[in-house]
Structures are given as C-alpha cells and as structure tokens.
Amino acid sequence: SITIGGTRIDYKAIAGTLAIKDEAGKAKAAIFFMAYFKQGVEDPSTRPLTISFNGGPGSSSVWLHLGVLGPRRVLSGDVGSLAKPPYKLVDNDYSLLDVSDLVFIDPVSTGFSRPATGEEAKQFHGYDQDIESVGNFIRLFVTRYQRWSSPKYLIGESYGTTRAAGLSGYLQERHGMYLNGIMLISAVLDFQTGAFELGNDLVYALYLPSYAATAWYHGKLAEELQARPLVDYLNEVEHFATHDYLLALMEGDRLEGEALQQIAGRIARYTGLSVDYVLQTRLRMEHVRFAKQLLRDRERTVGRLDTRFTGYDKDAAGEFFEHDPSYSAIQGPYGGALNAYVRDELNFVSDLPYELLASLYEKWDYSKFSNKYLHVADTLRKAMNQNPYLKVYVASGFYDLATPFFATDYTLNHLGVDPNLRKNVSISYFQAGHMMYVHEPSLIQLKRDLAAFLRASY
C-alpha cells in the first residue's frame with residue numbers, strides 16, 4: 001500500500017516476463033515487465049492503464065519507473081546535494097498510481113529481457129522491429145490482463161517518445177487499439193532537429209535557446225540579461241534564433257564583414273561565449289563542444305542530459321568531456337536501487353545482469369529511413385486524424401541538450417494536424433533537464449500535469 005495525496009491505495013505488484021511468440025507458437029523473446037494494479041476496483045474497465053518505457057535506443061524502463069511514476073522512488077539527490085551510496089528507495093508521494101494502473105516495459109536486450117534460445121537479438125534492434133515487438137507485447141499484456149476496455153495511455157521518454165509516436169500508428173492499424181493519450185517526456189519526433197551533420201543548419205538555431213538557458217543558469221551572461229526572468233529572456237533568444245540567426249546561417253560564406261560580426265556578437269551575448277570562439281565555429285556550435293567550452297575558465301564541463309550538473313575532466317583543454325556528469329549523477333542511484341528493489345521487494349530472482357542502458361545506439365537499424373532523417377511526427381499526426389480523441393502531452397526541460405525544448409516546439413509547430421485537433425496537444429516546460437524529475441519542484445509539477453492530463457482525456 002501507499003499513501004498519495006492523503007489517500008491510501010492498496011495495490012498488487014507483478015514482476016515477470018511474457019514470452020513473445022510467432023503465430024506458429026515459436027518463442028521469439030522473453031520481455032520483462034513490472035506492473036502495478038490498484039486493488040478494490042469494482043470495474044477494472046473504468047481504471048486507466050498507463051504503459052511506460054524509456055529510450056536510448058537500449059534503455060530499460062528504470063528512469064520513469066523509479067524517478068516519477070512508480071510507487072517507489074529512488075533518492076538520487078540533485079545538483080549540489082547528490083546522494084551517496086548505498087542508495088535508498090522511499091514511497092513515492094508523486095506516483096501516478098492514484099489515477100492509473102501502470103506497466104513498465106523493458107524492450108529486448110534491456111533490463112532482463114532477452115531473445116529466446118536460438119534467436120538473434122538484432123531482429124529486435126531497429127525502428128520497425130522495436131515497434132513491432134513492443135506493440136505485440138502491449139497487445140498480449142492487455143489481452144492477458146483483460147484491459148481492452150480500459151482507457152489506455154503510452155508514456156515514453158527520449159527515444160521512448162519516438163517509439164510512442166510510432167506505436168500510436170502501429171497499435172491502431174495492426175491491432176485496432178485506439179489510445180486515449182500519449183505522454184512524451186523530453187521528446188524527439190524528427191531526428192533532423194538533433195543531427196549535427198554537414199549541411200543541416202537548422203539544428204544550430206534550434207539548440208541556441210538551450211545554450212542560452214544554460215549560460216543564464218551558470219551566471220555567464222551580462223548583468224542586464226542575467227537579471228531577467230528566464231522565460232522572458234528566452235523569448236528574445238527564440239526570436240533571434242528563428243529570424244536573424246537562421247537567415248545568417250542560410251547566407252553561408254556570403255555572410256562577412258560587419259554583418260558577420262553582429263551575428264557573432266549576438267550569439268556570444270546569449271551564450272556566454274567569446275566572439276572569437278563563435279567566429280571560429282563559423283557560428284555553428286555542436287552541443288558537446290558547448291558543454292566543454294562554457295565553463296572552461298572554471299575547468300568544468302556541463303552535462304548533456306542536464307546542463308545544471310557540472311563535471312571535471314583530466315584534460316581541461318580538451319574539446320569534449322570525458323563523461324556526462326548529469327548521467328554519472330543518476331546511473332549509480334537508479335542502477336543500485338532497481339537491482340535491490342526487483343529482488344528484495346518484488347521477489348523476482350534472476351542471475352542475469354539488469355541492463356540499465358545497453359549499447360544499442362550504434363547498432364540500431366534505421367534502414368527504413370535510409371538517406372533521410374527518422375521522422376515519426378507524421379505517424380502521430382495520422383493517428384490523431386484517425387482518432388480525434390487522442391490527446392498528447394509533452395514535457396520539455398530548459399536545460400536539456402539531448403532533446404532541446406525548442407527543437408520539440410519546432411516539430412510540434414510543423415505537425416500538420418487538422419486545426420480543430422491542435423488543442424489536443426499540450427506542452428509544459430521545466431527548469432531542469434532531460435530527466436526533469438530529479439529536480440523535486442519539477443517532479444511535483446510533472447506529477448500534477450500528468451494526473452490532470454489523464455483525468456481530462458477519458
């Protein structure tokens with residue numbers, strides 16, 4: 001049992017695997033899951049079911065599970081007050097279990113999920129393959145636990161938002177499963193908006209507001225900018241990014257002289273970097289280089305997942321950081337807490353290593369999108385047009401350099417849904433990073449937003 005908002009909730013917890021088989025009955029994989037069902041519900045069909053996963057590709061479901069949604073939460077600490085090992089779990093006052101049953105999915109090769117004997121893991125490691133295997137798990141789970149009549153939701157984080165958008169189409173078209181809502185935490189639906197590749201100038205304009213927010217947080221701006229409220233300041237930066245800066249990038253080598261100096265000066269003013277450095281990058285700063293450069297005078301780097309965190313490298317003159325300090329801050333707490341929790345409290349026994357974050361990113365099959373960027377926003381648009389009751393909630397962190405908030409805004413502004421359906425999309429911003437829930441004020445806001453979204457969408 002757990003008490004949320006002053007109300008006691010008795011729940012059943014299940015940890016186990018479901019075998020995914022082909023229609024001939026041959027096992028293809030065993031997918032690990034953890035689920036929570038409120039007890040004492042007379043009619044389970046009236047109880048929402050929220051299906052959760054993280055991203056990577058190659059991430060287990062641990063982050064959303066022990067960070068915000070589940071009935072137990074890891075105390076990881078935050079900037080300036082990180083917890084020390086061994087790490088502790090506490091009852092999660094901000095769990096979503098008061099408004100929805102929950103199931104957390106570890107895709108194949110993450111967590112305890114593995115291919116069946118004789119099956120190759122690579123058949124699950126790709127955009128289409130992942131959508132099919134996770135989608136088939138969802139159909140099987142909903143069938144086994146008799147939840148077809150329940151309001152159903154997906155919640156994904158990072159690449160999990162890519163998966164959620166893809167599943168919105170797959171579940172409708174393959175299984176006739178219409179969803180009530182999708183919750184996207186730190187979203188990426190169009191990979192062009194995050195690709196630092198030759199010829200893709202759009203990405204630099206979309207990242208600039210996140211650089212500006214980070215410089216504001218670390219006190220690297222001129223006094224008059226530093227004194228302004230963050231959101232007010234970012235409105236100015238966003239206007240510059242989509243007007244003067246984007247036009248300057250389009251000019252390419254034709255931009256020179258005083259015009260070039262003016263643009264470089266504005267970028268330097270908003271990012272806390274020197275004009276000389278901005279000019280040396282030809283107005284085009286990759287995010288990992290920015291993370292190394294901003295606090296170079298302090299011999300510190302800022303995080304990629306959350307730029308509020310800082311780290312120290314052996315080589316202070318290097319171009320890239322040795323590790324992402326924001327990931328290092330959560331890897332130990334979440335990994336240690338999950339391994340203890342699943343065995344000590346949920347009684348799931350396995351000698352397999354729990355793959356917190358498997359190295360699948362470079363192995364992922366994007367062949368469907370060969371010679372173009374992965375783009376799933378249109379899949380979501382089509383699903384919304386076919387199911388006009390499908391609602392979408394988006395959460396973005398100002399200090400996230402993995403899925404920057406302005407890139408998400410750009411994608412949503414180009415979604416192309418029927419004008420009458422635009423109200424079905426809502427977005428919230430947080431003064432934290434990719435996993436905004438490690439920041440307790442943001443955790444409180446996120447729980448409030450998610451609960452309100454569920455209550456209003458079925």
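Nothing fancy with the numbering, it's 1 onward along the sequence.
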(request) Run the salt-bridge test on Arg304 and Asp400 with the 4.0 Å N-O cut-off and return the result as yes or no. (result) no
(request) Mind checking the OH-CG spacing from Tyr312 to Leu295? Nearest 0.5 Å is all I need. (result) 14.0 Å
(request) Would you check if Thr271 and Thr214 make a side-chain contact, meaning some heavy-atom pair closer than 4.5 Å? (result) no
(request) Could you tell me if the ring centre of Phe430 sits under 6.0 Å from that of Phe398? (result) no
(request) Please list all pairs passing the salt bridge (Lys or Arg N to Asp or Glu O under 4.0 Å) test where one or both residues lie in residues 185-206, with sequence neighbours left out. (result) Asp201-Arg284
(request) Please report the C-alpha distance between Arg163 and Tyr159 in whole Å, then the side-chain angles of each, then the deciding distance to 0.1 Å, and finally whether the side-chain hydrogen bond (donor to acceptor under 3.5 Å, both in side chains) criterion is met. (result) CA-CA 6 Å; Arg163 179 186 293 125; Tyr159 185 86; over 6 Å; no
(message) Check Lys292 with Glu319, please: is the shortest side-chain N to carboxylate O separation under 4.0 Å?
(response) no
(request) For residues Phe196 and Tyr207, establish whether the separation of their ring centroids is below 6.0 Å. (result) yes
(message) Whether Asp78 and Arg308 form a salt bridge (side-chain N of Lys/Arg under 4.0 Å from carboxylate O of Asp/Glu) is what I want to check.
(response) yes
(message) Holding to ring-ring contact (aromatic ring centres under 6.0 Å, His included), I want the full list of residues that pass it with Tyr277, two or more places apart in sequence or in another chain.
(response) none
(message) One pair to check against side-chain hydrogen bond (donor to acceptor under 3.5 Å, both in side chains): Asn347 and Arg343. What are the steps and the verdict?
(response) CA-CA 5 Å; Asn347 296 320; Arg343 294 174 173 88; over 6 Å; no
(message) Testing the basics here: between Ile263 and Ala248, what is the closest heavy-atom pair and its distance to 0.1 Å?
(response) CG1-CB, 3.9 Å
(message) One pair to check against side-chain hydrogen bond (donor to acceptor under 3.5 Å, both in side chains): Arg296 and Gln293. What are the steps and the verdict?
(response) CA-CA 5 Å; Arg296 192 181 293 276; Gln293 185 67 22; 2.9 Å; yes
(request) Indicate, with yes or no, if the rings of Tyr211 and Phe290 have centres closer together than 6.0 Å. (result) yes
(message) Is it the case that the ring center of His323 lies less than 6.0 angstrom away from the ring center of Tyr327?
(response) no
(message) Can you see whether Asp128 engages Tyr366 through a side-chain donor-acceptor pair at a distance of less than 3.5 angstrom?
(response) no
(message) Would you say the rings of Phe141 and Tyr145 are close, in the sense that their centroids are separated by under 6.0 Å?
(response) yes
(message) Would you say the ring centers of Phe191 and Tyr373 fall short of 6.0 Å from each other?
(response) no
(message) Tell me whether the rings of Phe104 and Tyr36 are parallel (<30°), tilted (30 to 60°) or perpendicular (>60°).
(response) perpendicular
(message) Strictly below 4.0 Å, N to O, side chains only: are Arg72 and Glu345 in salt-bridge contact?
(response) yes
(message) Under 6.0 Å between ring centres: does that hold for Phe348 and Phe32?
(response) yes
(request) Identify the two heavy atoms, one from Ala383 and one from Ser168, that lie closest to each other, and give their separation to 0.1 Å. (result) CB-OG, 3.6 Å
(message) With rounding to the nearest 0.5 angstrom, report the CG to CE distance, Leu69 to Met183.
(response) 7.5 Å
(message) Can a side-chain donor-acceptor contact be found between Tyr233 and Gln226 if the only test is distance below 3.5 angstrom?
(response) no
(request) Return each pair, listed once, that meets salt bridge (Lys or Arg N to Asp or Glu O under 4.0 Å) where at least one residue sits in residues 202-231; pairs must be two or more places apart or across chains. (result) Lys220-Asp297, Glu224-Arg269, Arg228-Asp232, Arg228-Glu236
Using a 3.5 Å cut-off and no angle test, enumerate the donor-acceptor pairs between side-chain atoms of residues 450-458 and protein atoms at least two apart in sequence or in another chain.
unit_1 : atom_1 : unit_2 : atom_2 : d
Ser457 : OG     : Tyr153 : OH     : 2.9
Ser457 : OG     : Phe453 : O      : 2.7
Ser457 : OG     : Leu454 : O      : 3.3

(message) Just checking Tyr127 against Trp364, ring centres under 6.0 Å apart?
(response) no
(request) Please collect all salt bridge (Lys or Arg N to Asp or Glu O under 4.0 Å) contacts where either partner lies in residues 202-219, sequence neighbours excluded, each pair once. (result) none
(message) Check Asp449 with Lys447, please: is the shortest side-chain N to carboxylate O separation under 4.0 Å?
(response) no
(request) List in chain and number order the residues that pass side chain to side chain donor-acceptor pair (under 3.5 Å) with Asp106, two or more places apart in sequence or in another chain; answer none if no residue qualifies. (result) Ser61, Tyr354
